[in-house]
Amino acid sequence: MAKAEGIIIRTTDYGETNKIVTLYTKEFGKIGLMARGAKKPKNTLSAVSHVLFYGLCLFSKGRGLGTLYQAETLNSFRTIREDIEKMGYAALILELTDRLTEEGQPTQGVFNLLRDILLLIEKGTDPAVLAAIYAMKMMPFAGISPELNKCVHCGNQHITYSFSISGGGFLCPNCQHTDEYALQLSPGVQKLLPIIKAVPLERLGKVSLKPKTIGEIESIIYAYYEQNAGIKLRSRHFLEQLSKFRTK
């Protein structure tokens with residue numbers, strides 16, 4: 001029997017009454033657990049066997065699926081659940097976590113980052129900015145971290161850059177010819193990309209970006225994931241539809 005702090009990042013119905021929950025924990029990493037009877041309304045597990053649950057879990061671990069016995073909520077993330085945009089970005093963050101982590105390989109830094117990002121969304125920090133920060137900080141786990149401090153081709157530092165998705169980072173004006181598809185960056189986005197990659201969450205403070213700016217950053221980040229890691233996030237489609245209703 002084991003007890004651990006965890007966040008449910010995915011659930012799957014299993015039969016008429018059960019659920020399989022994918023729990024991301026600090027101590028054990030990602031684990032799959034059977035929540036027996038979780039689809040029955042009166043079952044004690046029904047209230048906790050859902051995506052975005054965050055709490056203390058009591059479970060047994062097996063070679064395959066373990067079993068979830070009890071769970072106690074630490075934060076219900078009520079504010080996130082009641083806001084469709086926040087929930088959309090939380091779903092993207094959870095999906096990315098699921099796609100980039102292997103079962104049974106604990107990485108305390110990932111758990112802390114996941115938990116802290118969700119807590120900041122709950123407290124009111126811009127979810128689009130936080131999702132971009134999370135996606136950028138998770139890139140090393142996909143083996144695709146971009147060069148954002150100098151030209152990825154010649155290694156020199158310049159005042160202006162374009163961004164090469166295929167090349168893996170910034171290109172200076174002298175090297176832009178190496179990628180005919182290099183993206184031209186607005187000055188604001190050029191400054192923000194290295195900050196998003198490097199900023200510690202505790203130093204973030206209140207931050208809000210114009211929809212056009214965060215939209216440009218998002219398109220770069222998720223195109224980078226798709227082309228270089230083969231990861232296309234289902235949650236992105238929902239957010240793209242939602243973004244059409246953002247105020248310009």
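Note that this is a predicted model, so its numbers are computed, not measured.
Taken from CG in L92 to NE2 in H237, the straight-line distance is 13.5 Å, to the nearest 0.5 Å. Here CG of L204 is found 10.5 Å from CD1 of I195. Values are rounded to the nearest 0.5 Å. Here the straight-line distance linking atom CD of Q227 with atom OG of S164 works out to 8.0 Å at 0.5 Å rounding. The distance from atom CG of N18 to atom OG of S49, rounded to the nearest 0.5 Å, is 10.0 Å. Rounded to the nearest 0.5 Å, atoms CE (M87) and CG (L239) are 11.5 Å apart. Here L113 contributes atom CG and Y134 contributes atom OH; the two are 5.5 Å apart, rounded to the nearest 0.5 Å.
Within the structure, every pair that satisfies the ring pair (Phe, Tyr, Trp, His ring centres under 6.0 Å) test and touches residues 33-72, not counting sequence neighbours, is listed here: F28-F59, Y54-F77. Listed by first and then second residue, the salt bridge (charged side-chain N to carboxylate O under 4.0 Å, His left out) pairs involving residues 13-22 are D13-K39 (not counting sequence neighbours).
In the hydrophobic clustering of ILVMFWY residues, with side-chain heavy atoms under 4.5 Å counting as a link, L185 and L171 come out apart. One hydrophobic cluster holds both V129 and L201 under the rule that ILVMFWY side chains link at heavy-atom gaps under 4.5 Å. When hydrophobic clusters are built by joining Ile, Leu, Val, Met, Phe, Trp and Tyr residues whose side-chain heavy atoms come closer than 4.5 Å, directly or via intermediates, L52 is grouped together with L74. Residues L33 and L65 do not share a hydrophobic cluster, clusters being chains of Ile/Leu/Val/Met/Phe/Trp/Tyr side chains in contact below 4.5 Å.
Between the Q190 side chain and the I159 main chain, a donor and an acceptor come within less than 3.5 Å of each other. T97 places a side-chain N or O within 3.5 Å of a backbone atom of I93 that can act as its donor or acceptor partner. A donor-acceptor pair under 3.5 Å is formed between the side chain of E95 and the backbone N or O of R234.
Applying the 6.0 Å contact sphere to CD of E102 captures no more than 12 heavy atoms from other residues, nucleotides or ligands. Within 6.0 Å of CD on E240 lie more than 12 heavy atoms contributed by other residues, nucleotides or ligands. Atom OH of Y14 is surrounded by 12 or fewer heavy atoms from other residues, nucleotides or ligands within 6.0 Å.
Residues I217 and L209 meet the side-chain proximity criterion, which asks for heavy atoms closer than 4.5 Å. Side-chain atoms of I221 and M139, non-hydrogen and from C-beta on, do get closer than 4.5 Å to each other. L233 places none of its side-chain heavy atoms less than 4.5 Å from the side chain of Y225. Between C57 and L68, some side-chain heavy-atom pair lies under the 4.5 Å cut-off. The closest side-chain heavy-atom distance from Y89 to L242 is not below 4.5 Å. The side-chain heavy atoms of I7 and L94, taken from C-beta on, include a pair separated by under 4.5 Å. Side-chain contact between L45 and R36: absent, with no pair of heavy atoms (C-beta onward) separated by less than 4.5 Å. By the 4.5 Å heavy-atom criterion applied to side chains, L114 and I9 are counted as neighbours.
The two residues Q184 and S162 come nearest to each other via the heavy atoms NE2-CB, 4.1 Å. Taking both residues in full, the closest heavy atoms of A132 and I196 are given as O-CG2, 3.8 Å, listed atom of the first, atom of the second, then distance. Residues V48 and T44 come closest through the heavy atom pair CG2-O, 4.2 Å. The shortest non-hydrogen separation linking A35 to V21 is CB-CG1, 4.4 Å. Between S76 and R81 the shortest heavy-atom distance is O-NE, 3.0 Å. The shortest non-hydrogen separation linking E27 to P106 is O-CB, 3.3 Å.
Relative orientation of the F170 and Y161 rings is parallel, given thresholds of 30° and 60° on the angle between their planes.
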Audit row: D126, I214, side chain to side chain contact (heavy atoms under 4.5 Å, CB included) steps and yes/no
CA-CA 10 Å; D126 190 323; I214 190 61; 5.8 Å; no
Working for side chain to side chain contact (heavy atoms under 4.5 Å, CB included), residues I220 and V189:
CA-CA 10 Å; I220 291 169; V189 168; 4.1 Å; yes
Checking I133 against V199 for the side chain to side chain contact (heavy atoms under 4.5 Å, CB included) test, could you report, in this order, the C-alpha distance in whole Å, the side-chain angles of both residues, the deciding distance, and whether it holds?
CA-CA 8 Å; I133 289 172; V199 66; 4.2 Å; yes
Given R236 and E218, is the side chain to side chain contact (heavy atoms under 4.5 Å, CB included) satisfied, shown in steps?
CA-CA 10 Å; R236 272 286 291 161; E218 286 176 335; 3.8 Å; yes
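D98 pairs by the side chain to side chain donor-acceptor pair (under 3.5 Å) definition with R10, K30, not counting sequence neighbours. Applying the ring pair (Phe, Tyr, Trp, His ring centres under 6.0 Å) test to F111 and every residue at least two apart in sequence or in another chain returns nothing.
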Taking distance alone, no hydrogens or angles, what donor-acceptor pairs closer than 3.5 Å link side-chain atoms of residues 115-123 to residues at least two apart or in another chain?
residue	atom	partner	partner atom	Å
R115	NH2	N112	OD1	3.3
E122	OE1	T79	N	3.2
E122	OE1	I80	N	3.1
E122	OE2	R78	N	3.4
E122	OE2	T79	N	3.1
E122	OE2	T79	OG1	3.1

Donor-acceptor contacts under 3.5 Å from residues 142-155 side chains, at least two apart:
residue	atom	partner	partner atom	Å
S145	OG	K197	NZ	3.4
E147	OE2	N149	N	2.8
E147	OE2	K150	N	3.3

